[in-house]
Amino acid sequence: MGLMGLGTVGSGVMQIIEENQRHLQQQIGCPIEVSRVLVRDMKKKRDIVTPHDKLTTNPADIINDPDIHLIVEVIGGVELTKEYLLQAIENGKHIVTANKNLMGTYGVEILRKAKEHGCDVFYEASVGGGIPIIRPLVESFAADRVHKIMGIVNGTTNFILSKLSKDSETFEVVLEEAQKLGYAESDPTDDIEGIDSAYKISILGSLGFQTNLTISDVCSQGISNITKRDVWYGKKLDCEIKLLAIAERDANGISLSVEPVMIHQNHPLASVNGVNNAICVYSDAVGETIFYGQGAGSLPTAHSVVGDIVAVAKNMNQGVSGRSLPETHEEKRIKSDDEIYEKYFILIEANNGNSSISNIISSLDGIFDTIECFDKSIDENACNEIMIKTQLISKSNLNKVLRKIEELSVVEKVASVYRMEGISA
Ligand code: NAP
Ligand code: HSE
């Protein structure tokens, strides 16, 4: 095989292959030999020892090498990487990748090309790090009908939110820690702003609903606006704030979102902490199924990559390469904001104390019958704040409601809005 990338994931792949060679050989029937490794900087100091003559900075040394049957892509990036992989597939090479940005953007094109050329493309590590979720969705749910997938699919942001919920460290310090541990993307903006999760939920939604979804179908928001006060209010409601990626399907269509959600402590996702990820799959026959484990980091991710390498090698041995690719056959219809109904938490700041609060409450009582004010003075020190828990309300109606609230003369501002999950009726 050729390995493209020797960073966090690539060095984990090398380590697992070296340490478990005998075990892998027993399953595959032959050794795995990493014959070339693509890097950007040949002179970089690395923890993993690789013979210098295996290293190259020229992707063609891997893509065009007739002795390389399988390429493991862990360099990241989208446009250039897509060109490398399409070229490799044209040359008959099987692909294993951890690249959600690539699969969430050009997955359809890459899988189609692979089918044409009888090549395997496996991407288990692209979602959930070390958690098996892609193969279960494709194979284990084949007989069932999935209607909702909801999960914590970004290790970096869950690590940050868990620490902020318990410790007194700042956002910046915790992010730096996540970067040092190899959890964050090279540009952590993708993690923080929910973009990484959006790629992942587009992949999961495509597989779960057998349709072609991409990142452009996902409505996404990150964690940078979450405040300590929001976390405090969440706890008052027995909720944790988690960045959730959610794909839902019903008879009217599909909705895909990534956003910070107040989720009730009784829900299993509320207690997923640190770099761990968890994905709940809801389907007609089995009901709720939960996949849990370490969602980022060198060895957990490499575990999924090497699992895919074994799958490719077994298919090669059995002469069935390119036959296990996921099929998409369902029509895609993305719901509009008028059709998406959720419950929300809204925090409002009044412009001067308790008299404004009672004014706001009476104004809201009269105007918005979907909204229930249930506590006016939860924090003694925050006498100019009220929180609202809505009933099910469409996204478009919510936006109208928020605009009307902001127009009230007694309202300073709408400070926060969170979707709520796991709340019983
Ligand atoms: P990383 O630590 O930054 O490593 C990237 C590696 O690719 C480095 O070895 C780098 O070379 C090489 N590289 C990058 N661009 C290149 C180019 N244009 N030409 C040649 N070599 C290039 O990244 P990573 O964390 O391992 O992530 C790799 C991929 O796995 C990404 O798609 C990421 O989203 C995905 N992933 C990561 C994790 C995780 O926990 N880190 C988990 C799941 C999926 P140098 O070493 O010379 O700089
Ligand atoms: N940056 C990603 C995360 C890596 O933190 O989840 C795993 O895909």
Side-chain angles (χ1 to χ4, degrees), residues 2-15 36-48 50 55-63 71-85 96-105 123-131 133-134 151-162 174-175 177-201 203-204 222-223 243 245 258 272 274-279 293-305 308:
L3 178 63
M4 289 182 152
L6 193 57
T8 303
V9 183
S11 37
V13 169
M14 288 296 269
Q15 186 183 334
R36 292 314 289 268
V37 181
L38 178 71
V39 292
R40 209 166 14 198
D41 177 3
M42 298 276 276
K43 293 192 184 123
K44 194 173 188 176
K45 277 197 103 182
R46 300 175 194 276
D47 294 337
I48 194 106
T50 314
L55 292 183
T56 177
T57 53
N58 183 1
D61 288 345
I62 292 179
I63 295 167
I71 294 181
V72 173
E73 183 278 303
V74 282
I75 55 175
V78 177
E79 298 301 331
L80 200 56
T81 312
K82 176 189 118 187
E83 296 311 318
Y84 293 163
L85 297 195
V96 170
T97 177
N99 193 331
K100 55 268 173 163
N101 303 37
L102 181 69
M103 294 310 287
T105 313
Y123 47 104
E124 185 62 70
S126 66
V127 183
I131 306 173
I133 181 64
I134 304 275
I152 294 167
V153 291
N154 184 270
T156 302
T157 45
N158 203 51
F159 182 80
I160 293 172
L161 290 177
S162 307
V174 185
L175 171 60
E177 201 181 334
Q179 287 176 295
K180 277 194 193 130
L181 290 165
Y183 303 155
E185 296 303 303
S186 46
D187 177 358
T189 314
D190 268 18
D191 296 293
I192 304 305
E193 296 306 334
I195 300 159
D196 177 81
S197 297
Y199 282 117
K200 290 168 175 169
I201 197 64
I203 294 173
L204 294 182
I223 64 164
L243 186 69
V258 171
V272 173
V275 70
N276 290 311
N277 284 189
I279 299 143
Q294 201 161 312
S298 181
L299 288 178
T301 310
H303 142 106
S304 293
V305 171
D308 279 352

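Order of listing sets the numbers, starting from 1, for every ligand and every atom in it. We're numbering straight along the sequence, starting at 1.
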Measure from atom 45 (P) of ligand 1 to every heavy atom in Met103, Lys200, Lys44 and give the option owning the shortest one.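 Selected option, by shortest heavy-atom distance: Lys44.
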Between the candidates Thr8, Val39, Leu3, Ile75, which shows the shortest non-hydrogen contact distance to atom 7 (O) of ligand 1?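 Considering heavy atoms of Thr8, Val39, Leu3, Ile75, the nearest to atom 7 (O) of ligand 1 sits in Ile75.
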If the cut-off is 4.0 Å to any non-hydrogen atom of [X], which atoms of ligand 1 fall inside it?
X	value
Gly182	39 (C), 40 (O), 41 (N)
Asp41	47 (O)
Ala125	43 (C), 44 (C)
Gly297	39 (C), 40 (O)
Leu6	6 (C), 8 (C), 9 (O)

What protein heavy atom sits nearest [atom], and how far away is it?
atom	answer
atom 11 (O) of ligand 1	Arg40 N, 3.2 Å
atom 36 (N) of ligand 1	Lys100 NZ, 3.7 Å
atom 27 (O) of ligand 1	Val9 CG2, 3.9 Å
atom 5 (C) of ligand 1	Val74 O, 3.8 Å
atom 8 (C) of ligand 1	Gly7 N, 3.7 Å
atom 5 (O) of ligand 2	Thr156 OG1, 2.6 Å
atom 30 (O) of ligand 1	Ala98 CB, 3.6 Å
atom 31 (C) of ligand 1	Gly76 CA, 3.7 Å

Under 3.5 Å, is there a donor-acceptor pair between the side chain of [X] and the main chain of [Y]?
X	Y	answer
Asn158	Val272	yes
Ser162	Gly274	yes
Asn99	Gly77	yes

Heavy-atom closest contact (Met42 atom, Thr57 atom, distance): CG-CG2, 3.5 Å
Hey, does [X] sit under 4.0 Å from ligand 1 if you only count heavy atoms?
X	value
Gly129	no
Glu73	no
Met42	no

Contacting atoms of ligand 2, where contact means under 4.0 angstrom from a heavy atom of Asn154: 2 (C), 3 (C), 5 (O), 6 (O)
As an exercise, identify every atom of ligand 2 less than 4.0 angstrom from a heavy atom of Tyr183.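 Answer, ordered by atom number: 1 (N), 2 (C), 3 (C), 4 (C), 5 (O).
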Protein heavy-atom contact under 4.0 Å for [atom]?
atom	value
atom 18 (N) of ligand 1	no
atom 3 (O) of ligand 1	no
atom 40 (O) of ligand 1	yes

For ligand 1, is there an N or O atom under 3.5 Å from any N or O atom of Tyr84?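 By distance alone, the answer is no.
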Could you say whether the N/O atoms of Leu80 and ligand 1 ever approach to under 3.5 Å?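 For ligand 1, there is no N or O atom that lies under 3.5 Å from one belonging to Leu80.
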Using a 4.0 Å heavy-atom cut-off, which part of Asp191 comes near ligand 2: side chain, backbone, both, or neither? side chain
Say whether Gly155, considering both its backbone and side-chain N or O atoms, lies within less than 3.5 Å of an N or O atom on ligand 2. yes
Less than 3.5 Å between some nitrogen or oxygen of Ser126 and one of ligand 2, yes or no?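 No: no nitrogen or oxygen of Ser126 is under 3.5 Å from one in ligand 2.
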Could you check whether atom CG of Asn58 has more than 12 heavy atoms from other residues, nucleotides or ligands sitting under 6.0 Å from it?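 More than 12 within 6.0 Å, yes.
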Within reach of ligand 1, part of [X] (heavy-atom separation under 4.0 Å):
X	answer
Ser298	neither
Glu185	side chain
Ala296	both

Taken to the nearest 0.5 Å, the spacing of Ile201 CD1 from Asp196 CG works out to 12.0 Å
